[in-house]
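The block underneath contains the structure these notes are about, expressed in structure tokens.
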Amino acid sequence: MSQTIGIGIIGMGWMGETHSRAYRAIADRFHDGGVQPRLVICSDAVAARALAAQRRFGFEQATTDWRDVVAHPAVQAINITAPNGMHLELVRAAAAAGKHVLCEKPVGRGPDETLLAWQAARAAGVQTLVGYNYRWAPLVQYAHSLLAAGRLGRITRYHGRFLNGYAGDPLGLLSWRFDGAQGLGTLGDLMSHVIDMALWLAGPISALVADRETYVRQRPLPQPGVGTHYDRGRADDPHGAVTNEDHVLIMARFASGARGTLEACRVVNGAKCDMGFEIHGTDGALRWTMERMNELQLQWRTADPAQDGYTTLLSGPAHPDHRRFNPAWGLNLGYDDLKVIEAERFLSAIASGVPQTPGLAEAAAVARVQQAAIDSWHSGQWHDVAIDPQ
Ligand SMILES: NC(=O)c1ccc[n+]([C@@H]2O[C@H](COP(=O)([O-])OP(=O)(O)OC[C@H]3O[C@@H](n4cnc5c(N)ncnc54)[C@H](O)[C@@H]3O)[C@@H](O)[C@H]2O)c1
């Protein structure tokens, strides 16, 4: 008998739609998983978005007041896909009501809010998951298993990055993402993925030095409730100031002794979604990027110089979760499939009572690294990363 979990979603923009679509795919991709979602209620401050999402995805109800989602008796789990400035209030409200939480990264405006969100969820004993979705790529899961088994030997160097051009156009609208009052810029938006991946694959970071820059300092103002992340204004539209960072660069020492660099930028030309890593160990190396999500480059130390270099694996049914989407080698998965895997992990954690990672505990670990980066870009010095007080 399959268990059913009642779902409420708050914020029906890009991610609210993506999470809804992911839940709808569970009945197909994870038909035998023993747990299925029931789309109970969706919420957006813009009524037309809430109603459109209700029609499109089949929610039983729609509302403009997120409190209706938290209070709904049939809702057991809440997806928080609203802007970062609302995350903490929403996690606190959901946790206080005993509802499980899948919160989008970066969980709040900055590291202090992420830590408070984690405390609220932990005190309430609810299950949590955070949208660090790049972890779920089959070949990233496989890379993690190789590292965990020590197949690369001792890790000496980790390079992580997220180079993205989403804000490269200076006429891209001044959305909430560029407003420092609503949260960090790239350190929250893109670098949170990079830090989470680094901690997962290479272990804790002990100290770092960081720098930041804002290259596009003015953008056209948006019309309230109209347009999204990717919309453009015109050169003669009224402009407003960008008040958070476009680019962050971190030089890091890992607790293992490995050295690394982490870089994220939202205004590059060229790269579009170059969220990736390159890891060098004493026995081999591997590298992956989301732009080629279905390829993993690997090298093992070899005595044969003719074999000495990266070779490429294609994603296939032998890699985690690939078979859920396709039984064949080399037939590609995409971004939305990662969100289906994420949704299934969240439902399974709730059904089993066994916490899943990456949850808010892992987001708190990311927050401690972000805080050291902020301290460093103010002081210009190396800073230790705080240790989890637990
Ligand atoms: N994991 C990923 O790959 C990924 C990708 C994009 C965004 N995100 C995260 O998802 C979150 C949302 O980003 P997005 O791109 O979907 O933003 P978006 O601007 O497209 O959507 C946000 C939605 O929230 C709604 N909203 C605002 N105030 C509200 C309120 N009081 N009640 C209900 N809804 C409200 C807005 O009207 C909008 O529809 C952010 O935290 C972002 O960092 C994650």
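Scope of the values below: all heavy atoms of this structure, side chains included, with no hydrogens, waters or symmetry mates. Both counts, for ligands and for their atoms, begin at 1 and track the order of listing.
- An N or O contact shorter than 3.5 Å is missing between M86 and ligand 1 by distance.
- Each of the atoms 40 (C), 41 (O), 42 (C), 43 (O) of ligand 1 lies under 4.0 Å from some heavy atom of N84.
- Close approach to W14 involves these atoms of ligand 1, each under 4.0 Å from a residue heavy atom: 5 (C), 6 (C), 15 (O), 16 (O), 20 (O).
- Nearest heavy-atom pair, N244 versus R177, reported as atom, atom and distance to 0.1 Å: ND2-O, 3.0 Å.
- Close contacts between ligand 1 and G131 involve ligand atoms 1 (N) [criterion: under 4.0 Å to a heavy atom].
- If you number the atoms of ligand 1 from 1 as listed, the ones under 4.0 Å from a heavy atom of R177 come out as 6 (C), 7 (C), 13 (O), 14 (P), 15 (O), 42 (C).
- At least one N/O-N/O distance between N133 and ligand 1 falls below 3.5 Å.
- Under 4.0 angstrom from ligand 1, there are no non-hydrogen atoms of E89.
- Aromatic ring centres of H100 and F346 lie farther apart than the 6.0 Å criterion allows.
- Of the N or O atoms in T81, none lie within a sub-3.5 Å distance of an N or O in ligand 1.
- In the hydrophobic clustering of this structure, V35 groups with I9; members are Ile, Leu, Val, Met, Phe, Trp, Tyr whose side-chain heavy atoms approach within less than 4.5 Å, directly or through other members.
- Between W329 and H319, the ring centre distance stays below 6.0 Å.
- To the nearest 0.5 Å, atom CG of residue L163 and atom CD of residue E291 are 8.5 Å apart.
- Taking all atoms of both residues into account, the shortest heavy-atom contact from M293 to Y335 is SD-N, 4.4 Å.
- Residue-to-ligand polar distances keep V46 apart from ligand 1: every N/O pair is separated by 3.5 Å or more.
- Residue-ligand proximity, K339 to ligand 1, at heavy-atom distances under 4.0 Å covers atoms 1 (N).
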